[in-house]
Number of protein chains: 2
Amino acid sequence: MTTTPVSTRRQQTRDRLLAAAAELFAERSVQAASVEEICERAGFTRGAFYSNFESKDELCLALLEARGQQFLEGTRRALAAIPDSVLTEHTLAEVIAKALAVFDASLALDTRWMLVRNELRLYAYRNPELREVLSAAERKVFSLAVEAIASALQRQNARSLIPVDQLMVILDAYYERSRMNDALTGRPEVDAEWRSGIERILRALVVLPEPEPTRD
Amino acid sequence: MTTTPVSTRRQQTRDRLLAAAAELFAERSVQAASVEEICERAGFTRGAFYSNFESKDELCLALLEARGQQFLEGTRRALAAIPDSVLTEHTLAEVIAKALAVFDASLALDTRWMLVRNELRLYAYRNPELREVLSAAERKVFSLAVEAIASALQRQNARSLIPVDQLMVILDAYYERSRMNDALTGRPEVDAEWRSGIERILRALVVLPEPEPTRD
DNA sequence: ATCCTTCGATACAGTGCCGTATCGAAGGAT
DNA sequence: ATCCTTCGATACGGCACTGTATCGAAGGAT
């Protein structure tokens, strides 16, 4: 059941449907995007849809799982792409800037996904099954990111003024809100005000330890 | 046109429709809540609806305006309810706790409105007219809050490590995200984890000035 | 009490979307 | 090349909701 062998053709149509759905979810919202519209955008009819998914809900599930994987891989790649030397040889500010640049390039940190994520979060709130999957996916990415921050701090011999997981929540929430504000006011994506905002937060909340170590 | 004189009866049905709409927007989302459902919840038929509003969009507009007013008044009342003595005679931590308590009690900081606000934000993103009104309303509340924080800091002779308006964005975004996470994981409203989270943020980002004044 | 206006209920036609059942055509295996 | 399976297109019945047009009743003014 869970391990249905999928042919290449089938996988391609699934992918196209998922891509079209993501686009339309961002453009018109999860609920407003009709199955018909999704199929049309993907170049299929509803026959293809119902042959691949049981319902729009199930497509959301698949979308979430696919994206979750992409995110995890993207994060890992992004982390691996930061050479060790950066963490030890540069100033905190430089590390922060570098990390932001790498993450931005490697993950799909675009406005579209910000919108879809927001949409799905609200949609999942009303759908127990989807809610489980979403929570699980976000938890995974979240804990990976927290680990990354924590280990980076350790290497720099720096510490955060607040618990690292809360710091992560703040960064995520701030990023999303900034992007949303930009989207609402029609600010072009290239302006990227969120980037400097996050740098400012990190500079304020991450500090080098006191001269005298308080250890024990 | 804008100054249509409204009878008492009419105003009551409008209010009931708005209240029902807010409920359903939170329960089932703006888009999923049909006009029919809203009317049913309010105890009317669609005749009443279309006699009062041109469309669901216009109802959203009205809802936003009504809530905007309530929020502004609530904020002003909350601010006025904080006696001057608190700002001068207590520690920073006490002021923060006190302020949070007052705001929480005075404003409609409930999960329902958090959801509706989220919903409307996304809905407004696709609706130019609504977007204008939403942006304007949020701007008003926002600047009032920023002023309040700024003046409180000044009285305490404290300063923020980051610009106050960014601090406000963080607080708001963090609050909303925490509430949303709680809602998604089914955490009961009384736990109110967001409260201690915000206190932690403020304690980290708001500091008393250095002994030697750096002025000029 | 009566009249007139306001306001909400009812009835109707129209639309878009859903999910299924059926059919025809790719496309892989031999 | 042929067969057979997989997969997507087509066609159909049905439903929920929309917006309008009409009607009747509540309620204020005199």
Side-chain angles (χ1 to χ4, degrees), chain A residues 1-63 66 119 123 126-127 129-130, chain B residues 1-63 66 119 123 126-127 129-130:
Chain A
M1 277 298 162
T2 17
T3 334
T4 315
V6 279
S7 73
T8 315
R9 174 156 76 122
R10 201 164 183 74
Q11 189 57 48
Q12 282 175 348
T13 68
R14 280 177 70 95
D15 288 348
R16 273 167 64 192
L17 283 170
L18 286 175
E23 275 182 30
L24 282 163
F25 288 173
E27 281 175 28
R28 326 203 338 88
S29 91
V30 174
Q31 320 222 25
S34 67
V35 172
E36 194 131 12
E37 233 173 343
I38 295 171
C39 296
E40 193 188 5
R41 175 75 60 103
F44 292 105
T45 65
R46 275 175 325 155
F49 184 95
Y50 286 105
S51 165
N52 279 279
F53 304 101
E54 204 178 79
S55 62
K56 192 158 75 176
D57 283 16
E58 210 202 85
L59 176 138
C60 286
L61 237 71
L63 184 59
E119 284 286 339
Y123 191 70
R126 284 107 181 175
N127 183 322
E129 197 185 353
L130 192 50
Chain B
M1 278 297 160
T2 16
T3 335
T4 316
V6 278
S7 74
T8 315
R9 174 155 77 123
R10 201 165 183 72
Q11 188 57 48
Q12 282 175 347
T13 67
R14 281 177 68 97
D15 288 348
R16 274 168 62 193
L17 283 170
L18 286 177
E23 275 182 29
L24 282 164
F25 287 173
E27 281 175 29
R28 327 202 338 88
S29 91
V30 173
Q31 320 221 26
S34 68
V35 172
E36 193 132 12
E37 233 172 343
I38 295 171
C39 296
E40 193 187 4
R41 175 74 60 103
F44 294 104
T45 64
R46 275 174 324 149
F49 185 94
Y50 286 106
S51 166
N52 278 279
F53 304 100
E54 204 177 79
S55 62
K56 193 160 73 176
D57 282 16
E58 209 201 86
L59 176 138
C60 287
L61 238 71
L63 183 60
E119 283 287 337
Y123 192 69
R126 285 106 180 176
N127 183 322
E129 197 185 352
L130 192 50

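A, B, ... follow the sequence lines: proteins, then strands. Residue 1 opens every chain.
Closest of all the heavy-atom pairs between A/Leu59 and A/Leu18 is O-CD2, 3.8 Å. Across every non-hydrogen atom of A/Lys56 and A/Ala33, the tightest pair is NZ-O, 2.9 Å. Residues A/Cys39 and A/Leu17 approach most closely at CA-CD2, 4.2 Å, considering heavy atoms. Contact between A/Ala32 and B/Gln31 at its shortest, heavy atoms only, is CB-OE1, 3.3 Å.
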How does protein contact run along nucleotides 17-30 of chain C, one letter per nucleotide 5' to 3', with B for base contact, S for sugar-phosphate only, - for none, heavy atoms under 4.0 Å?
SBBB----------
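For residues 8-50 of chain B, every residue pair satisfying the ring pair (Phe, Tyr, Trp, His ring centres under 6.0 Å) rule, not counting sequence neighbours, is listed here: B/Phe49-B/Phe53.
Formation of a donor-acceptor pair under 3.5 Å by the A/Arg126 side chain with backbone atoms of B/Ala26 is found in this model. In this structure, the side chain of B/Arg16 engages the main chain of B/Ala42 through a donor-acceptor pair within 3.5 Å.
Nearest to the side chain of B/Ser51, among D/dG8, C/dG8, D/dT10, sits C/dG8.
Proximity of residues 13-24 of chain B to DNA chain D (heavy atom under 4.0 angstrom from any strand atom) is not detected for any residue.
Scanning for side-chain hydrogen bond (donor to acceptor under 3.5 Å, both in side chains) contacts around B/Asp57 gives B/Tyr123, B/Asn127, with sequence neighbours left out. For A/Ser34, there are no side-chain hydrogen bond (donor to acceptor under 3.5 Å, both in side chains) partners at least two apart in sequence or on another chain.
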Dot-bracket notation for DNA chain C is requested: 5' to 3', Watson-Crick or G-U wobble pairs only, both distances under 3.5 Å, with ( ), [ ], | and . as defined.
||||||||||||||||||||||||||||||
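Rounded to an integer number of Å, the gap from B/Glu40 CD to D/dT18 C1' is 16 Å. Counting to the nearest Å, the P atom of D/dT18 and the CG atom of B/Asp57 are 12 Å from each other. Here the C1' atom of nucleotide C/dA9 and the CG atom of B/Asn52 are 13 Å apart, to the nearest Å.
Between A/Arg41 and A/Glu27, the closest side-chain pair of non-hydrogen atoms falls below 4.5 Å.
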